[in-house]
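Here is the structure we will look at, set down as structure tokens.
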Amino acid sequence: QVQLVESGGGLVQAGGSLRLSCAASGRTFSSYAVGWFRQALGKEREFVATISWSGRSTDYADSVKGRFTISRDNAKKTVYLQMNSLKPEDTANYYCAARSGSYVFAWNEYDYWGQGTQVTVSS
């Protein structure tokens, strides 16, 4: 069982940066793959980035590749999403999610979810 809490969202201008944090509870967190997803108003939940339990493997959606970086600190039970060069189209509610085993890209294959944190990028 894992509980996740996101933080770090806010309002920024285009071109700015934010760092989102996903704090986890549960002693087995280090064995879970973690993903970041986002959902804009009126749109489906969208894959953003994911990281393996070891942190050695990562993957990103094409729309954020080169701008966003996912990382994790298992000692702190926290996963981060560093977002640079933000664009208005990045505006969404951002969620972190966890699953046991290998990371995947489909949101419905993740078992545990945070409550989300809102990111708004103005032009």
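Just so you know, these numbers use all the heavy atoms, side chains as well, and skip hydrogens, waters and symmetry mates.
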Determine whether the side chains of Ser17 and Asn84 contain a donor N or O and an acceptor N or O closer than 3.5 Å. yes

If you define the side chain from C-beta out and look only at heavy atoms, does anything of Trp53 sit under 4.5 Å from Ser100? no

Which atom pair, heavy atoms only, marks the closest approach of Gln115 to Asn93? O-ND2, 4.2 Å

Going by the side-chain hydrogen bond (donor to acceptor under 3.5 Å, both in side chains) test, which pairs reach into residues 101-111, not counting sequence neighbours? Thr50-Tyr110

Between CG of Leu11 and CD of Gln118, what distance do you get to the nearest 0.5 Å? 9.5 Å

Which value, rounded to the nearest 0.5 Å, describes the distance between Leu4 atom CG and Ser25 atom OG? 7.5 Å

From Lys65 atom NZ to Arg67 atom CZ, the distance as rounded to the nearest 0.5 Å: 12.5 Å

Single-linkage hydrophobic cluster Tyr112~Trp36, side-chain heavy atoms < 4.5 angstrom: yes

To check you understand the geometry: which heavy-atom pair defines the closest contact between Ala40 and Ala92, and what is its length? N-CB, 3.8 Å

Can you measure from OG (Ser122) to CD (Gln13) and round to the nearest 0.5 angstrom? 5.0 Å

Option among Leu20, Leu18, Val48 that satisfies the side chain to side chain contact (heavy atoms under 4.5 Å, CB included) test with Phe68: Val48

Correct closest heavy-atom pair for Gly9 and Val119 would be CA-CG2, 4.1 Å

Interatomic distance, Gln82 atom CD to Arg19 atom CZ [nearest 0.5 angstrom]: 7.0 Å

Within a strict 4.5 Å, meaning less than it, do heavy atoms of the Ser63 and Arg38 side chains meet? yes

Taking NZ in Lys43 as the centre, count heavy atoms belonging to other residues, nucleotides or ligands within less than 6.0 Å. Is the count above 12? no

Any sub-3.5 Å donor-acceptor pair from Ser52's side-chain atoms to Ser57's backbone N or O? yes

Among Tyr94, Tyr95, Phe105, Trp113, find the one that has a ring pair (Phe, Tyr, Trp, His ring centres under 6.0 Å) with Phe37. Trp113

Only counting residues at least two apart or in another chain, list the ones meeting side-chain contact (heavy atoms from CB on, under 4.5 Å) with Thr58. Ile51, Tyr60, Ile70

Exam field: side chain Glu6 to backbone Cys96, donor-acceptor pair closer than 3.5 Å: yes

Give me the atom names and distance for the closest heavy-atom approach of Thr78 to Ala23. OG1-CA, 4.2 Å

Does Arg72 make a cation-pi contact with Tyr80 (under 6.0 Å, within 45 degrees of the axis)? no

Closer than 4.0 angstrom, basic N to acidic O: yes or no for Asp90 and Lys87? no

